[in-house]
Amino acid sequence: MKGQDVYITGIGYHPFGRFPDKSLKALAATAALGALDDAGLSVRDIDAAICANAYSGLLNGQESIRGETWLRGIGLGGTPVMNVENACASGSTAVHLGCMGIASGNYDTVLVVGAEKMFVNDTGRTLAALANSADTEVMGNIGLQFSAVDAIRVREMMAEEDVDGTAFEWVTMKNHDHAASNPIAQYRKPISMEQVRASRMIADPIRLLMCSAISDGAAALVLSRKPGRGSVRVRASALASSPWRLEAGTPAGPTLAADKAYAQAGVAPSDLDLAEVHDAVSPAELMHYRELRLCGEGEVARLVAERATALGGRLPVNTSGGLNSRGHPVGATGVAQLIELTLQLRGDAGVRQVPGARLALAHNSGGWIGEDPAVSAVHILESSR
Amino acid sequence: MTEMQKTNPTLFFLEGEAPGAPGLRGSRCRACGQTVLLQVAACPKCGARELESVCIGQRATLGESAEVFHSADGFEAPYFIGMIETEQGPCTFAPIAAAPGTQLRVGLPLKFQLLPRPDGRVGFAYAPAEARG
């Protein structure tokens with residue numbers, strides 16, 4: 001990444017789950033204060049705040065100045081607040097902008113807060129809000145749900161890789177196992193492959209327990225130009241919008257973002273110690289192994305057979321439980337991924353700790369346009385402990 | 001004639017709204033010939049601003065598809081959604097008109113058809129086409 005170094009010096013969160021008695025403001029405030037406390041800072045030490053949310057306008061009646069309403073309650077005033085909406089990648093986009101603010105030399109310390117409140121006692125309204133993360137001119141009114149988008153993408157992968165329902169059941173079980181010890185996670189109860197197989201079909205081959213669920217939650221980071229505890233440095237912060245696929249062989253959006261990130265960091269996929277990837281449905285994790293170049297084409301089944309991406313494997317993926325089990329309160333997701341990586345790189349991940357973790361990647365995608373996610377974001381973090 | 005209200009007014013043409021309609025709305029670049037879905041202001045291939053509105057996707061080929069088991073947008077589950085490639089090139093998601101449980105195969109020839117919707121509007125779907133002679 002060009003410019004000044006950027007470090008993650010504070011992390012905070014409100015657990016993910018269903019919290020009918022808590023407002024979006026309350027969720028965001030808990031995460032923001034947690035991150036400031038972790039960094040040993042007060043709100044007066046912050047040069048700017050960037051807030052991520054996708055559906056507050058549709059679900060919570062607060063379309064504009066979302067972040068200002070969240071942070072007023074923690075005593076922030078006078079400091080610039082910017083609001084980011086980029087569908088499911090809102091959180092990582094906010095981190096990206098925070099990194100750019102520090103790398104450019106304009107800010108020394110930035111607070112990033114991602115929050116979402118999706119339980120509104122009307123599941124249909126929440127699903128309709130999620131459907132807004134596509135080009136509604138094209139994908140509205142045609143019966144398209146994101147589970148179907150993912151099902152079709154997974155089928156495209158199945159045509160090229162030797163994976164089937166058994167692999168999907170395994171990756172779902174794996175991520176539930178990982179989430180069991182994550183205090184932020186929505187689902188902390190291990191499940192068996194048989195339970196996954198027995199859950200109802202949503203969009204063939206995606207079953208209910210493979211889907212990330214509606215969630216309330218918040219996550220926050222403090223970004224700084226000076227190292228803090230654990231010296232977790234942002235080595236790369238890259239975004240890509242959906243490419244025009246006018247020629248055969250055009251890379252997928254996540255691949256474009258990943259390639260930019262590897263180039264920024266000057267590292268190869270083989271250098272990574274762990275990764276958090278956007279498993280909005282758990283089988284998509286397998287697709288992202290290829291797209292992020294964690295394996296080559298035709299090698300997904302081998303990673304699964306070797307259990308390489310489970311804790312204890314050679315490249316653990318979604319040690320937090322991923323979107324599938326940690327939960328997916330949309331605006332918070334990209335930030336929560338970086339919280340997990342920061343814990344791992346600090347050596348503070350407890351029973352989920354990847355021994356000796358030094359270099360880690362996060363991939364967060366959002367929305368849909370054309371043949372790819374509308375936005376793909378990839379961050380690479382490094383510990384210089 | 002009663003004017004039909006479309007579910008996606010900017011996505012498809014009714015018969016008589018454009019040469020070759022009914023079908024999807026596309027744009028064709030007068031400079032390089034690139035065709036894309038929807039009306040766009042500049043060509044994504046060459047950047048030219050002169051594009052003509054064209055009707056595309058009267059015929060298409062099915063890519064991967066999924067049977068969906070949760071109703072949405074007035075589509076009663078189970079129903080099919082697929083990725084289709086129009087004969088002019090652009091790809092998009094579309095409802096596939098097929099009976100529940102049908103084994104749809106990649107490469108299946110499809111044709112555009114209008115689809116009356118429960119709310120009185122008219123939408124569209126792609127249905128398996130007869131083999132062309």
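To find a chain, count down the sequence lines: A is the first, B the second, and so on, and within it residues start at 1.
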Can you pull every donor-acceptor pair closer than 3.5 Å across chain B and chain A?
residue, atom, partner, partner atom, Å
B:T7, O, A:N141, ND2, 2.9
B:N8, ND2, A:E137, O, 3.2
B:N8, ND2, A:G140, O, 2.7
B:T10, OG1, A:E137, OE1, 2.6
B:S65, O, A:R155, NE, 3.3
B:E67, O, A:D204, N, 3.0
B:F69, N, A:I202, O, 2.8
B:H70, O, A:Q145, NE2, 2.6
B:D73, OD2, A:N141, N, 3.4
B:D73, OD2, A:I142, N, 3.4
B:D73, OD2, A:G143, N, 2.9
B:Y79, OH, A:G143, O, 2.5
B:Y79, OH, A:Q145, NE2, 3.0
B:R117, NH1, A:N141, O, 3.0

Worksheet item: Considering all heavy atoms of both residues, which atom of B:F93 and which atom of A:V149 are nearest to each other, and what is their separation?
Response: CZ-CG1, 4.0 Å

Worksheet entry | Heavy-atom closest contact (A:A148 atom, B:A66 atom, distance) | O-CB, 4.5 Å

Discussion item. Just so I understand: if I count every heavy-atom pair under 4.5 Å between each of B:I81, B:V68, B:L11 and chain A, which residue has the most?
Written reply: B:I81

Worksheet entry | Toward chain A, the part of B:L38 with a non-hydrogen atom under 4.5 Å | side chain

Worksheet item: Side chain, backbone, both or neither: which part of A:L127 has an atom under 4.5 Å from a heavy atom of chain B?
Response: side chain

Practice prompt. Under 4.5 Å, counting heavy-atom pairs only, tell me which of A:G140, A:A151, A:A131, A:G370 racks up the most with chain B.
Written response: A:G140

Worksheet item: Between B:F12 and chain A, which part of the residue has a heavy atom less than 4.5 Å away: side chain, backbone, both or neither?
Response: neither

Discussion item. Using side chain to side chain contact (heavy atoms under 4.5 Å, CB included), reason through A:I202 and B:F69 one step at a time and then give a plain yes or no.
Written reply: CA-CA 5 Å; A:I202 300 297; B:F69 295 89; 5.9 Å; no

Worksheet item: Between atom CG of A:L246 and atom SG of B:C46, what is the distance when rounded to the nearest 0.5 Å?
Response: 10.5 Å

